[in-house]
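One structure is given here, and the rest of the page talks about it.
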Amino acid sequence: MSDTVLVERLEGWRKLTLHRPDRLNAFNEDLHAALAAALDEAAADADCRAVLLTGAGRGFCAGQDLGDRRGGDAPPDLGDTLERLYNPLVRRLRDMPKPVVCAVNGVAAGAGANIALACDIVLAAHSAKFIQAFARIGLVPDSGGTHTLPRLVGEARARALMLLGEPVEARQAEAWGMIWRAVPDEALMPEAEALAARLATQPTQGLALTKQALDASATNTLSAQLDLERDLQRQAGRTPDYAEGVHAFLEKRPPRFTGRAG
Ligand code: T3D
């Protein structure tokens with residue numbers, strides 16, 4: 001069995017660690033397959049109510065393993081890799097019906113940066129940096145980066161970062177709104193784990209619906225978004241966690257959410 005992704009099953013949540021530390025956790029086909037399987041299992045497990053993604057060693061992820069791209073006779077079809085591997089990965093993260101926290105423990109480059117930014121809440125160690133490294137090797141930013149980054153940091157910064165391939169340090173990333181928080185290196189894992197554990201006690205169905213609404217807002221008109229909020233709120237209002245939340249409020253006690261659909 002592959003050990004390229006380490007899976008830890010905690011109380012109500014899972015920690016997934018990219019594990020090719022000697023290659024800064026760069027993606028090869030094996031890592032893609034292991035991560036896809038781990039995410040699918042987490043998505044399907046009702047007892048798993050949050051996911052934490054991080055990297056082993058001194059890097060988070062250096063994107064595609066360029067060792068696998070050593071020249072052959074014909075140029076590779078990189079559209080095929082995106083179609084088969086990177087695009088499904090981003091969709092898995094965005095469609096995951098529970099929150100995904102990313103703890104960026106070191107450099108996040110190329111697809112590694114954009115996979116991190118596809119997660120719901122991103123924490124980064126002060127020593128971490130984000131690099132849109134694609135321009136350095138003649139490629140186009142992928143893994144949703146051309147969609148995500150301008151929305152996070154604005155058009156001017158996204159363009160410069162993508163055309164120049166310059167690194168952004170964690171504290172700058174926080175200041176620009178690219179990530180939720182930059183924390184001292186030693187605080188990263190305790191904070192990220194506490195956040196995942198906290199999310200695992202929250203109304204999971206409502207959070208999943210919130211993710212849907214936020215994703216749709218990127219392309220919806222206000223009017224369409226209002227309709228969507230109506231439909232999603234209808235669903236949220238039928239969940240046991242909503243009933244529990246209201247009862248708990250009225251009884252002046254902390255809620256006991258189960259995350260169950262019905
Ligand atoms: O191909 C497709 O399917 C299309 C999809 C593309 C998606 C992409 O992600 S394209 C972008 C690919 N990634 C990169 O271009 C980043 C390459 N890496 C770097 O620029 C640097 O390694 C970093 C800036 C990330 C970190 O620099 P530094 O100085 O901290 O570390 P290092 O010494 O460069 O790397 C440490 C080791 O990891 C080193 O191996 P060694 O010399 O100790 O044996 C290095 O070769 C290896 N490594 C780092 N990144 C990759 C890698 N090996 C293979 N592929 C990598 N991407």
Side-chain angles (χ1 to χ4, degrees), residues 2-6 16-36 39 53-94 102-119 122-150 152-153 157-173 178-179 182 185 188:
S2 166
D3 66 350
T4 51
V5 175
L6 307 181
L16 312 184
T17 304
L18 308 177
H19 188 245
R20 299 187 70 225
D22 57 327
R23 298 274 76 107
L24 299 180
N25 305 313
F27 277 102
N28 60 8
E29 298 247 352
D30 198 23
L31 174 51
H32 271 293
L35 185 57
L39 290 170
L53 180 65
T54 191
R58 72 175 180 87
F60 170 68
C61 175
Q64 171 63 38
D65 188 324
L66 297 176
D68 290 354
R69 296 287 177 266
R70 279 196 187 88
D73 289 340
D77 179 357
L78 301 186
D80 176 65
T81 4
L82 265 53
E83 180 71 18
R84 283 190 304 110
L85 302 170
Y86 288 98
N87 292 357
L89 170 54
V90 174
R91 291 189 176 109
R92 274 189 173 88
L93 292 167
R94 301 304 289 200
C102 186
V104 181
N105 52 299
V107 66
N114 293 333
I115 296 301
L117 298 180
C119 296
V122 186
L123 303 177
H126 281 166
S127 64
K129 52 191 173 184
F130 297 81
I131 312 176
Q132 296 291 328
F134 308 89
R136 298 179 179 185
I137 56 169
L139 288 187
V140 177
D142 61 26
S143 303
T146 56
H147 187 268
T148 311
L149 195 62
L152 291 172
V153 301
R157 287 171 179 147
R159 275 184 187 258
L161 292 176
M162 290 183 157
L163 296 177
L164 297 171
E166 283 188 8
V168 180
E169 311 246 327
R171 275 176 271 216
Q172 184 70 75
M178 189 192 295
I179 62 170
D185 286 21
L188 178 70

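For ligands, and for the atoms within them, numbers begin at 1 and follow the listed sequence. Index from 1, following the sequence.
- Across the listed options Ala108, Ala109, Ala62, Ala62 owns the non-hydrogen atom lying nearest to atom 14 (C) of ligand 1.
- Relative ring orientation between His32 and Phe27 is described as parallel, the plane-to-plane angle staying below 30° on a 0-90° scale split at 30° and 60°.
- Atom 28 (P) of ligand 1 is flagged as protein-proximal [any protein heavy atom, distance under 4.0 Å].
- When each atom of ligand 1 is checked for a heavy atom of Leu82 under 4.0 Å away, the hits are 4 (C), 5 (C).
- When hydrogens are left out, the protein atom nearest atom 36 (C) of ligand 1 is Arg58 NH2, 3.5 Å; that is the closest non-hydrogen contact.
- Taking 4.5 Å as the limit, every side-chain heavy atom of Leu39 sits out of range of all side-chain heavy atoms of Leu53.
- Residue contacts with ligand 1 for Tyr86 involve side-chain atoms from C-beta outward but no N, CA, C or O (heavy atoms, distance under 4.0 Å).
- Using a 4.5 Å heavy-atom threshold, the side chains of Arg69 and Leu78 count as touching.
- Formation of a donor-acceptor pair under 3.5 Å by the Asn105 side chain with backbone atoms of Ala128 is not found in this model.
- Looking at Gln64, Lys129, Arg23, it is Arg23 that brings a heavy atom closest to atom 42 (O) of ligand 1.
- At least one donor-acceptor pair closer than 3.5 Å links the side chain of Arg136 to the backbone N or O of Gly165.
- Looking at Ile131 against ligand 1, only its side chain comes within 4.0 Å, counting heavy atoms.
- Atom 1 (O) of ligand 1 has as its closest protein heavy atom Arg69 NE, 2.7 Å.
- Closest heavy-atom approach to atom 23 (C) of ligand 1 among the candidates Asn28, Asn25, Asp80, Leu24: Leu24.
- Of the possible donor and acceptor atoms, none in the side chain of Arg58 sits under 3.5 Å from a partner among the backbone N and O of Gly106.
- Residue contacts with ligand 1, taken as heavy atom pairs separated by less than 4.0 Å, involve Thr81 solely via side-chain atoms from C-beta onward.
- The nearest heavy-atom contact from the protein to atom 7 (C) of ligand 1 is Asp142 OD2, 3.2 Å.
- Protein heavy atom at the shortest distance from atom 54 (C) of ligand 1 is Asp65 OD1, 3.2 Å.
- Remark: side-chain polar atoms of His19 are paired, donor with acceptor, to backbone N or O of Asp3 under 3.5 angstrom.
- Every atom of ligand 1 with a heavy atom of Gly63 under 4.0 Å away is listed here by number and element: 9 (O).
- A donor-acceptor pair is defined here as one N or O able to donate and one able to accept, closer than 3.5 Å; no such pair exists between the side chain of Asn114 and the backbone of Gly144.
- Under 4.0 Å from ligand 1, heavy atoms of Leu66 appear from its side chain as well as its backbone.
- For atom 19 (C) of ligand 1, the nearest protein heavy atom lies 4.0 Å away or farther.
- For Leu85, the closest heavy-atom approach to ligand 1 does not fall below 4.0 Å.
- Leu89 CG to Ile115 CD1: the interatomic distance, rounded to the nearest 0.5 Å, is 4.0 Å.
- For atom 57 (N) of ligand 1, the nearest protein heavy atom lies closer than 4.0 Å.
- For Glu169, the CD atom counts as loosely surrounded, since its 6.0 Å shell holds 12 or fewer non-hydrogen atoms of other residues, nucleotides or ligands.
- Ion pair Asp65/Arg20 flagged as a salt bridge, since at least one NZ, NE, NH1 or NH2 atom sits closer than 4.0 Å to an Asp/Glu carboxylate oxygen.
- Within the 3.5 Å criterion, the main-chain N or O of Ala103 finds a donor-acceptor partner in the side chain of Thr54.
- Not one N or O of Gly110 is nearer than 3.5 Å to an N or O of ligand 1, by distance alone.
- Counting heavy atoms under 4.0 Å from ligand 1, residue Asp22 touches it through the backbone alone.
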